[in-house]
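Below you'll find the structure, written out as structure tokens, and then a few comments.
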Amino acid sequence: MEKLQIVWGDLDRTEAIESHIFDKAEKILTFAPKATTLIFNLKTINPTQSAGVNTFGVNAELRLPNKQDVRVEKKGEALYRVVTDTQQSILKQLKAKKDQDLV
């Protein structure tokens, strides 16, 4: 998927996470065919070595023509869930833009 970029930050790349992101990205890019780039930036906010449970952060940016970019930042303890929540937030923003004829 040439429009998708994944920035792994301090996480190790795994095929399972990458596949999950590809699945979510495909739906986003299908909904916004004019998008030029979709960037998922993954990071660990609170690693296991510190007190508490792992917390992950996902920043996503969908670049669209005419500076109509969509940005989402989500945090949570389950990386797959955070990626899914990020996708849903992007789709929600895209639907609002479509309703306003901006996309």
Side-chain angles (χ1 to χ4, degrees):
M1 211 179 291
E2 70 276 353
K3 291 184 180 185
L4 176 63
Q5 295 177 16
I6 301 173
V7 180
W8 291 96
D10 54 0
L11 275 86
D12 291 331
R13 180 192 167 275
T14 69
E15 285 192 33
I17 295 170
E18 190 172 58
S19 176
H20 184 69
I21 292 171
F22 280 167
D23 289 345
K24 301 304 174 187
E26 187 174 10
K27 187 167 184 180
I28 292 168
L29 294 171
T30 299
F31 196 83
K34 294 180 184 175
T36 57
T37 309
L38 174 58
I39 303 166
F40 272 85
N41 191 337
L42 313 174
K43 62 184 173 184
T44 305
I45 297 169
N46 182 25
T48 308
Q49 296 87 345
S50 68
V53 179
N54 262 1
T55 303
F56 300 99
V58 176
N59 297 320
E61 181 177 343
L62 180 66
R63 296 193 180 148
L64 298 164
N66 302 318
K67 299 186 183 184
Q68 294 295 320
D69 298 352
V70 174
R71 290 180 181 83
V72 173
E73 183 174 339
K74 295 285 183 182
K75 298 176 186 174
E77 294 175 2
L79 182 57
Y80 291 91
R81 181 79 235 159
V82 178
V83 169
T84 300
D85 290 348
T86 301
Q87 178 218 32
Q88 290 171 349
S89 292
I90 289 174
L91 289 172
K92 186 175 181 181
Q93 288 185 45
L94 285 173
K95 287 175 185 167
K97 287 181 178 289
K98 278 200 188 247
D99 290 345
Q100 299 170 13
D101 289 330
L102 295 175
V103 177

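No continuous path of ILVMFWY side-chain contacts below 4.5 Å connects I90 to V7, so the two sit in separate hydrophobic clusters. There is a path of hydrophobic side-chain contacts, each under 4.5 Å, that joins L79 to F22. Both V83 and I6 are assigned to one and the same hydrophobic cluster, defined by single-linkage of ILVMFWY side chains at heavy-atom distances under 4.5 Å.
H20 is not listed as a side-chain neighbour of I17, based on a closest heavy-atom distance of 4.5 Å or more. Contact check for E26 versus T30: side-chain heavy atoms found under the 4.5 Å cut-off. E18 has its side chain within reach of W8: a pair of non-hydrogen atoms, C-beta onward, lies under 4.5 Å apart.
The heavy-atom pair separating L94 from A32 by the smallest distance is CD1-CB, 3.9 Å. Across every non-hydrogen atom of V70 and Q93, the tightest pair is CG1-OE1, 3.1 Å. K75 approaches V82 most closely through the heavy-atom pair C-CG2, 3.8 Å. Summarising the geometry of K95 relative to F31, their closest heavy-atom pair is CG-CZ, 3.3 Å, with the distance given to 0.1 Å.
Going from atom CG of L38 over to atom CG of L4 covers 5.5 Å, rounded to the nearest 0.5 Å. Remark: N59 CG to T86 OG1 distance equals 8.0 Å, nearest 0.5 Å. From E73, atom CD reaches atom CG of N41 across 9.5 Å, with rounding to the nearest 0.5 Å. We find the CZ-CG distance between R13 and L42 to be 12.0 Å, quoted to the nearest 0.5 Å. Between the CZ atom of F56 and the CG atom of L11 there is a distance of 5.5 Å, given to the nearest 0.5 Å. Atom CD1 in I21 sits 11.0 Å away from atom NZ in K24 (nearest 0.5 Å).
Applying the side-chain contact (heavy atoms from CB on, under 4.5 Å) test between L62 and each of L29, L91, T37 identifies L29 as the sole match.
Side-chain atoms of K3 come within 3.5 Å of backbone atoms of A35 as a donor-acceptor pair (strictly under, hydrogens ignored). In terms of modelled atom types and a separation under 3.5 Å, the side chain of T36 and the main chain of R63 share a donor-acceptor contact. Remark: side-chain polar atoms of D69 are paired, donor with acceptor, to backbone N or O of L64 under 3.5 angstrom. Side-chain N or O atoms of T84 include one that pairs as donor or acceptor with a backbone N or O of Y80 at under 3.5 Å.
Q87 and K27 form no side-chain donor-acceptor contact under 3.5 Å, judged by distance and modelled atom types alone.
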